[in-house]
Colleague: 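Take a look at this one; I'll ask things after.
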Amino acid sequence: MKFEDIYQFFKDPPPFYLNKELAVCYVLAVLLRGDSYGTELIQLLESEHPLYRLSDTVLYSALKFLEDEEMVTGYWKKVEGRGRPRRMYQIRPEAMPQAQDLARLWQEYAVKRDHASKMPQASGAER
């Protein structure tokens with residue numbers, strides 16, 4: 001390791017993997033926009049929030065939690081351009097207020113971190 005490696009790490013940090021708590025809030029934020037399925041949830045996160053990643057294990061653990069808590073329900077649907085049917089998820093109408101509150105937590109968290117990552121940082125030349 002060299003000092004330049006350290007500066008490079010902060011200049012271009014590796015993605016941050018969501019934990020289950022963040023994943024629950026993220027999933028609800030997406031589902032408020034419309035029904036979705038697992039692979040799409042992961043792809044949307046990577047395209048809309050490039051600083052973040054979501055593992056399959058954490059995602060499906062969050063979805064199971066939301067189903068167990070009766071906040072979301074799942075159903076099977078054939079998705080255009082995909083081979084087999086996908087398990088789609090949607091927010092239950094009665095869970096909408098809490099879903100909106102938890103989604104707001106995700107949005108505030110993501111905006112704060114996205115903003116922090118765009119702040120100018122000192123380069124190695126400015127030491």
Colleague: In sequence, state the C-alpha distance, the side-chain angles, and the governing distance for Glu4 and Gln8, and then conclude on side chain to side chain contact (heavy atoms under 4.5 Å, CB included).
Modeller: CA-CA 6 Å; Glu4 287 308 315; Gln8 185 60 38; over 6 Å; no
Colleague: Specify the closest pair of heavy atoms between Ala29 and Ala103, including all atoms of both residues, with the distance to one decimal.
Modeller: CA-CB, 3.5 Å
Colleague: Is it the case that over 12 heavy atoms from other parts of the model lie below 6.0 angstrom from the NZ atom of Lys78?
Modeller: yes
Colleague: Which value, rounded to the nearest 0.5 Å, describes the distance between Leu22 atom CG and Leu102 atom CG?
Modeller: 11.5 Å
Colleague: So, are Glu67 and Arg87 salt-bridged, with charged N and O less than 4.0 Å apart?
Modeller: yes
Colleague: Drop me the distance from Asp56's CG to Ile42's CD1, to the nearest 0.5 angstrom.
Modeller: 4.0 Å
Colleague: Less than 4.5 Å apart, any side-chain heavy atom of Asn19 and any of Val58?
Modeller: no
Colleague: What I'd like to find out is whether the side chain of Leu45 reaches to under 4.5 Å of the side chain of Leu18, using heavy atoms alone.
Modeller: yes
Colleague: Atom CD of Gln90 and atom CE of Met71: how far apart are they, to the nearest 0.5 Å?
Modeller: 13.0 Å
Colleague: Should Tyr109 and Leu32 be regarded as members of a common hydrophobic cluster, given that ILVMFWY residues are connected when their side-chain heavy atoms come within less than 4.5 Å of each other, either directly or indirectly?
Modeller: yes
Colleague: Scan for ring pair (Phe, Tyr, Trp, His ring centres under 6.0 Å) pairs involving residues 18-48, sequence neighbours excluded, and state none if there are none.
Modeller: Tyr26-Trp106
Colleague: Could you tell me whether Lys112 and Glu108 make a salt bridge, using a distance below 4.0 angstrom between a side-chain N and a carboxylate O?
Modeller: no
Colleague: Side-chain contact test, heavy atoms from C-beta onward, threshold under 4.5 Å: evaluate it for Lys77 versus Arg86 and give yes or no.
Modeller: no
Colleague: Does the side chain of Leu51 come within less than 4.5 Å of Phe16's, by heavy atoms?
Modeller: no
Colleague: How far does CG of Leu28 sit from CG of Leu66, to the nearest 0.5 angstrom?
Modeller: 5.0 Å
Colleague: A side-chain contact here means heavy atoms from C-beta on lying under 4.5 Å apart; do Glu46 and Tyr52 qualify?
Modeller: no
Colleague: Do Phe65 and Asp68 have side chains that get closer than 4.5 Å, going by heavy atoms?
Modeller: no
Colleague: I'd like to check Arg92 versus Val72 (side-chain heavy atoms, cut-off strictly below 4.5 Å). Are they in contact?
Modeller: no
Colleague: Can you tell whether the side chains of Arg33 and Glu40 come within less than 4.0 Å, N to carboxylate O?
Modeller: no
Colleague: Find out whether Leu31 and Tyr89 are in side-chain contact, i.e. whether some heavy atom of one side chain is under 4.5 Å from a heavy atom of the other.
Modeller: yes
Colleague: Does the Asp5 side chain pair with the main chain of Lys2, one donor and one acceptor, at a distance under 3.5 Å?
Modeller: yes
Colleague: For the backbone of Thr57 and the side chain of Ser61, can you confirm whether one donor and one acceptor N or O come within less than 3.5 Å of each other?
Modeller: no
Colleague: Got a salt bridge between Arg104 and Asp101, using NZ or NE/NH1/NH2 to carboxylate O under 4.0 Å?
Modeller: yes
